[in-house]
Asker: 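Attaching a single structure in C-alpha cells format; questions to follow.
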Amino acid sequence: MSNPLLDTSSLPRFAELLPEQVVPALSELIAAHRQKLEALLDNTPEPDFDSLVAPLEEMEHELSRVWSPVSHLQGVLGSREWRDAYNAALPLLTEHGTDLSQNLRLQQAYTAVDQRLPEDVSPARKRVVEYALRDFRLAGVGLPDADKARFKAIMQQLAATQAAFEHNIQDAQDAWSLHIDDQGALAGLPQQAVVRAAAEARKRDRQGWLLTLDYPTYDMVMRHADKQGLREAFYRAWVTRASDQGENPDWDNSENIREILSLRHEASGLVGFGNYAEYSLATKMAGSTDAVISFLHELASRTRTAAEKELLELSEFSGIALAPWDCSYWLEKLKQKKHSISNEALRQYFPVDTVISGLFEIAERLYGVKLEAQDGVATWHEDVRYYSLQDENSALLGGFYTDLFARSGKRNGAWVDECVVRKNLNGRPTLPVGYLVCNFTPPDSSADRRSLLTHEDVVTLFHEFGHMLHHLLTRIDYPSIAGINGVPWDAVELPSQFMENFAWNFEVLQRCSAHTESGEPLPRQLFDRLDDSRHAGAAMAMMRQLEFALFDFRLHAECAPSGWPAALETLRAVREEIALIPHPDYNRLPHAFSHIFAGGYAAGYYSYKWAEVLAADAFGAFEEAGIFDRDTAQRFRTEILEVGGSCDIMRAYVAFRGREPEIDALLRQSGIESG
Ligand SMILES: [Zn+2]
C-alpha cells in the first residue's frame, strides 16, 4: 500500500506518517466506502445483522482507525502542517458521517434488520441496532430534503468552528510568555521550575528567565509564586486566552462561541428538540434537563456551607481579602502549615517510572492482567512509550502509548483516546489500542534528572489509566459499542474517577513511590498527612466545578439563540448563585472552555459530577470488601469495564453494586458534611 495512513494491518506507522498523506487517504477511503455501501444496499434484499450491520461496523472501524493518528498527531504535535491537514480533512469526514446517518435507504435496511432480529439475539447486537436507529433519528433522517441538507451543513460548520476554537486557544497560549530579569520575582517557585524557566530563556537567546503559559507552569505559579503581582499576571493571561480581553484579536473566540451556540441550537431544533441541552440528553444517562439542574442544585446546596467555612478559614489564615489568584497559593500554604504537606516535597517520592510500575502492579493485583513495556514500536516523539496488556493466561488483550510530558504545541490537559477499537466481526478479531496523554512537568534534561510527579499528577495518571482499562478490557465485538463507545457520556468518567481512589491508599502509594535520594517508599507519617489534607479545599473545588457545570448546562438550555452577550449574562447569573469569590470583569472563562466548545462535553460538563457519584459509590463496595478484593474487582470488571455500551448503564451498575448509586457517597468521599 503506497499511503502508509491507509495501512491498518497493524499499529500506525508513525515514523512514516506525513501531513500531505491525510487528504488523499481520507478521500480514497471514503470513496471506497461509499461504493461498498451502495453495493451492499443493492445486493442485500433481505438484510440481517451479519450481512448488513457487520460490514458497516467494519467500515466504521476502518475509518476511525485511519483518522485516529491524524486527530492524535494534530493534538500532540501541534505543527502547522498537521493542523492544516486535519482542518482540510475534517469536512470530508464530517460530511461522510452525516451522509451515513441521513441515508434513508440505510435506515430502512437497519429497520428491516431490527424487525428480523431473532428472539434470542444477544443484548450487544440488539443494542448496536437500537443505537444506530436512534442516531438516524438524531441526524434527521426523516426530515424533508431542505432540512436534511441544512442539518448536514450545520454539522460541517460546527466541526470546523470547534476546531478553530481549540486552535485559537493553542495559539494564544503559545504566543504568551513573561520575561523576568530579577530572580527575586520568582520567589517561592520550586527549583525545578526556575531551572526550566532559565533554560526556556536560553532557548530564545535571552538572559534571565522566561515563563511560558503551559498548564504546569501556570499551575506552579498560582500555587507557589510569593509575588502576588506574578500570580495576577498569570491569572489574567490564563483567563483571557483567546478572548476579546486577550492580547491578539486574531485569536478572539467570541464569534466562534456565538456561532457554535447558534448552530447547535438550530440543529437540535431541526430534529425536534427544544434546545441543545435536551438534544444532548437524548444519548445520556440523566433523564431530563430538570434532573440535571436539580442534581447540580442539590450538590451545590449541600456543599455551600462547607465551602463557605473553608473560605473563611483561608481568609483568616491569609489575613487578606482573597482574590481569585490568591486561593491556590494560600491553600497550598495552609496545607503546609496544617498538615505539613507540600506538593513539592511529595514530588521527590514520585519519579514517573516508579509510579507507572506501581500502577501496573495494582491493575495486575485487581484484575490479574499483566502490563509490559514493548520496545521497537514506532512513535511520534522520543518521550513516547508503548505497553502491552495481557490477561491471566498471557493472552494479549491490547496495548497503549503513553505521551506524558508538556511541550510547546501540545494540547493542554490529560486524556485517553482510541487508536484502535476492539472488534470481532465475522471471525476477524482486532485488539484495542489507546493513547494516554498527559502534560506533566518534563524531565530536566540539562541536569539529567527524572520527571517527578506531584501527588495530583499521580491522581491524574490513575484517572487516565482507568479510562484506558475501560478501553482495553472490553469484551464487546462490535466497535460502535466496544470499550468507551456507546457508553452514555455521563457514565464515561466512572472507570476513571473510580481509579483515582486507589491513588489515595497507603499500600498503593508505597508501591508507587521511591524517594529520589534515599529510594525509600512514601513513609506512613507523610501519607497520613497527605490523607489529612485530601479534603483541604474540597468543598470550594466542588463549588467551582458546579459553577462550570451549571454554566454549561444553562448556556445550552437557555441562551443559545442570542449567543455571546447572553452567554456572559448567564455566566454572571451562575456566578452570583455559586461563586464564593467575585471574578474580575476581564475573566473570560468561556473563551478557553474547550471541553464544551471544542470537545464532547457540551451540555454535558455535569457528567463529571454525575459520574463522580457513581465512582465514589462504586469504590464504596471495595472499601466494604477490602480494596484488593478479587471478587469485587472481578464483578467490577465484568459488569462495568467489559460491557462497553452494550447494556443499560444503570442496570449494569445495579448488577455490580446490588443497588442504585447514592449521592451521599460523593459527599462523604469529599469530606463534606452536609445537612
Ligand atoms: Zn476522564
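If you read the sequence from its start, that first residue is 1, and numbering goes on from there. As the structure lists them, so they are numbered: ligands from 1, and atoms in each ligand from 1.
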Asker: Tell me which N, O or S atom from Glu493 is the closest to the Zn ion (ligand 1).
Answerer: OE1
Asker: Before we go on, tell me: are the rings of Phe636 and Phe498 under 6.0 Å apart, centre to centre?
Answerer: yes
Asker: Just give me the atom name: the N, O or S atom of His467 closest to the Zn ion (ligand 1).
Answerer: NE2
Asker: Please tell me whether Tyr605 and Phe551 form a close aromatic pair, meaning their ring centres lie under 6.0 Å apart.
Answerer: no
Asker: Could you confirm whether Glu464 has any N/O/S atom lying under 2.8 Å from the Zn ion (ligand 1)?
Answerer: no
Asker: Can you confirm if the aromatic rings of Trp415 and His467 lie within a centre distance of less than 6.0 Å?
Answerer: no
Asker: Do you see a donor-acceptor pair shorter than 3.5 Å between the side chains of Arg264 and His556?
Answerer: yes
